[in-house]
Amino acid sequence: MLNTDNNLNLNQNSNGVNEKFLNPYNPQETEKKQYQLWEESGFFNPDNLPERHKKPFTIIMPPPNANGSLHAGHALFVTLEDLMIRYKRMQGFKTLWLPGADHAGFETQVVYEKKLEKEGKSRFKMDPKELYDEIMQFTLHNKSFMENQVRSLGASCDWSREKFTLEPEIVRTVNETFKKLSADGLLYRGKRLVNWCSKHQTSLSELETEGVEKEDKFYTFQYGPFQIGTTRPETKFGDKYVVMHPDDERYKEYEHKQKIDLEWINGPITATIIKDEAVDMEFGTGAMTITPWHDTADFEIAQRHNLEYEQIIDFYGKLLPIAGPEFEGKNITVAREEIVKKLDKKGLLVKVEENFNHNVKICYKCNRPIEPQIKAQWFIKTESLAQKALEAVEKGEVKFITKRHKKIFKHWLENIHDWNISRQIIWGIPIPAKICTKCGEGMVDLDNSISKCSKCGGEVKEDIDTFDTWFSSGQWPFATLDFPEGEDFKNFYPTDVMETGHDILFFWVARMVMLGIYRTGKSPFKDIYLHGLVRDAHGKKMSKSKGNVVNPLELSEKYGTDALRMSLLVGNTPGNDMNLSEDKIRAYKKFANKLWNVSRFVLDNTKDLGEIDLNDERLKSLSRSKIELQNLQKITSDITKDLDNFQFHIASEKIYHYIWHEFADKIIEEAKDKLDEIETQLMLLEILQTCLKTLHPFMPFITEEIWESMPIKNKKLLLIEEWSK
RNA sequence: GGGCGAUUAGCUCAGUUGGUAGAGCAGCGCAUUUACACUGCGAAGGUCGGGGGUUCAAAUCCCUCAUCGCCCACCA
């Protein structure tokens, strides 16, 4: 299947140019071969790098979710991180790029549930253990698939150190953090209002919900002497508090905590008047009733005044017995109109306004409205953690490449809420805790040794919830380096660059900084490079429903990985979204071809030199005298500066421009008249080898392939060649 | 309700300390025994969203307006 002529031992070309250069550049063949050579060389592993590689440079790879194929965003991060790693490796750093795979708790469970649904099954009818094992199989299968995709994008990461988020060592670290948080008083189990998704049957963090504008009917009801407005009549069964602003002149005759009798949905009730400043006097009538169990704002009011809470809606979105026999068990979506009808009949409906615009929270996965519910969950007190993270940013221990993200980051940390880390899903790390069946007390229990409640002595049961994925992945940088005792932790922590998508700045980056400092005392990384979203050619967000999703592997198959990589680098500024079009990739395929032909020309016309030594005195004196070589030096030094400043979009364009419009268009054209001069030949070879080195981090495959044919003595892999100074 | 980003050639985007506007694609013209048709070369194309200001000089700094997009926020 392989064309052996193109594969082996074509380095010595005493009788003319390599045969392989007679054909156009063939990325598919080259890429497989070169990746294998790199991997077998062992140089992806920092321990195997030559002596000169001393100072560590580390990137922890954002572990891709092991639940599907890679998308364009993955191709982008692999390209950016591989660029940095290859550049630093050539510069002589002891580079570690640590790959991983994420079980991606809720994400994967959602993917798997969809699969189950298609097969007519439901997770709620399955044995939890069986379900877990099935998802594990599914994940491990995808994991190896995903790893090969990362390979084919050219990632020079150390596979020997690869970590999976559900490995025992990772789980141990995560559990210990949980315990430490508890010991330090930063963890509590509280009955708090959580974002409940009735479809997925789990609570979600603030970040896992989305706010959307929605038009609803706005109802005004007569509630005793008051008129109260609502968009959610179905929650009103339990409303027995009517709240107004203490300064509202209209209601000054009523006193705080005053009781009044009134007629309501299912008959007469006694309501209590509450005065609270949270009420907006300008809105509606300035009076409202509250449903503390199902509304965040109401919950806070209720807490302030020590009011009673009642659950109206169950966890499946159905009304509870409190709604009375007429409504009990009905789905809230159908009950709403019926309740309005009933109130109307009783003469309590004042008016209905159509098209009332308001914000509602929805589940970011299924877009169903979130039903706030009170539930006992584990919460992390985030304030002190956030404080430390802010200090690290202030002191410059963590730097943002895109300064606007520093602002966004700080703003979020300054307004942080406590973090609910309990999830009611099976696919994840089980929370190592016991819950008292009597008083509800939660106790952290890593070694399964607690058998009765520490507070009331009651029976305990295991907590069946799992951790929010981000709680464990927030510890990724130190967990993967075998914190606290491992050699890797001592050598490679803190890491150097965190490169990831700006969409997970809060989800992940902020949590890593907080938890990293909390566990290790140091920020887990020094520089944060955030990339934007990869959009389609016209700036539209890629989505399966729109059918504009591109598969990076198909593109790399079609145009070559190097071309794909260049198209993701040129003109892509840090932090900003980018558009990816096939036209652009095609342009860099042409560039690869151009370089291929340049190399053919140079190699074909420098045969007289034989094999030369890179330290050849002739090259050195040439560098001092030739204007072309001085210009080249200027270019490479500019590019070095750009790379150091994370200006990859500029660096990539510079090398592209130089090779095509300087080297090929001018230098080679002018050299054609004096090809018989040794000096000319030396110059061409020198420029070519410098171009290959400089271009290697951007386009690793073709440069290594050409390098293989360079007539250079004691040649190493280009992968570990020295970066041109 | 706050905050942020964008607005540059027909399209998609670069342009990091202010110094006569750049790339890819599309379109136009020329070139076919050559390193390269998976091509080369050349030309064309922009009052840098509007208005105002600072400056010898502004796409770049400041103010303001407009349109689009994103993020954050417990207003029934």
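Please read these numbers as outputs of a predicted model, since none were measured by experiment. Atom set for the values below is all heavy atoms of this structure, side chains included, hydrogens, waters and symmetry mates excluded. Letters A, B, ... are given to chains in the order of the sequence lines, protein chains preceding strands, and every chain is numbered from 1.
Atom C1' of nucleotide B/G27 and atom CG of A/D583 are separated by 13 Å, given to the nearest angstrom.
When the C1' atom is used for both B/A6 and B/C48, the distance is 14 Å, rounded to whole Å. Using C1' as the reference atom, B/A23 and B/U33 are 33 Å apart when rounded to the nearest Å. Comparing B/G10 with B/U47, their P atoms sit 8 Å apart, to the nearest whole Å. With both ends at atom C1', the span from B/C28 to B/G52 equals 40 Å, rounded to whole Å. The gap from the C1' atom of B/C13 to that of B/U39 amounts to 25 Å, rounded to the nearest Å. Comparing the P positions of B/G15 and B/G29 gives a spacing of 34 Å, expressed to the nearest Å. Taking the P atom of each, B/C25 and B/G42 are spaced 15 Å apart, rounded to whole Å.
Take the nearest nucleotide of RNA chain B for A/H417 and for A/N597: the residue whose nucleotide is more 5' is A/N597. Comparing A/H649 and A/A664 against RNA chain B, the residue whose closest nucleotide sits nearer the 5' end is A/H649.
Under the rule for a salt bridge (charged side-chain N to carboxylate O under 4.0 Å, His left out), the partners of A/K558 that lie at least two apart in sequence or sit in another chain are A/E582. By the salt bridge (charged side-chain N to carboxylate O under 4.0 Å, His left out) test, A/D503 is found to be paired with no residue, residues two or more places apart in sequence or in another chain being considered. For A/E554, the salt bridge (charged side-chain N to carboxylate O under 4.0 Å, His left out) test picks out no residue, with sequence neighbours left out.
At a threshold of 4.0 Å, the pair A/K365-A/E208 does not count as salt-bridged, since none of the basic side-chain nitrogens sits closer than that to a carboxylate oxygen. Using a 4.0 Å cut-off between charged nitrogen and carboxylate oxygen, A/D644 and A/K641 do not count as a salt-bridge pair.
Side-chain contact annotation: A/S709 with A/K20, donor-acceptor N/O pair under 3.5 Å present. Checked by atom type, the side-chain pair A/E662/A/N631 shows no donor-acceptor distance below 3.5 Å.
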Q) When you look at A/H358 and A/D216, which way does the side-chain hydrogen bond (donor to acceptor under 3.5 Å, both in side chains) test go after all the steps? A) CA-CA 8 Å; A/H358 65 147; A/D216 271 314; 2.8 Å; yes
Check nucleotides 3-9 of chain B for protein N or O atoms closer than 3.5 Å to its own N or O atoms and list the pairs.
none

Every protein N/O within reach of nucleotides 41-44 of chain B N/O, cut-off under 3.5 Å:
residue : atom : partner : partner atom : Å
B/C41   : OP1  : A/D665  : OD1          : 2.4
B/C41   : OP1  : A/D665  : OD2          : 2.7

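Across B/C72, B/C38, B/C11, the shortest atom-to-atom separation from the side chain of A/H538 is found for B/C11. Between B/C13, B/A35, B/C74, one nucleotide has an atom nearer to the side chain of A/F601 than all others, and that is B/A35. Among B/U39, B/A35, B/C11, the nucleotide with an atom closest to any side-chain atom of A/N593 is B/U39. Each of B/A23, B/A35, B/C75 was ranked by its minimum atom distance to the side chain of A/E653; first place goes to B/A23.
To the nearest 0.5 Å, atoms OH (A/Y364) and CD (A/E210) are separated by 9.5 Å.
Ring geometry for A/F507 against A/W470 counts as tilted: the plane angle lies between 30° and 60°, on a 0 to 90° scale.
For the strand RNA chain B, secondary-structure stems (runs of at least three Watson-Crick or G-U pairs, all distances below 3.5 Å) span B:1-7 with B:66-72, B:10-13 with B:22-25, B:28-31 with B:39-42, B:49-53 with B:61-65.
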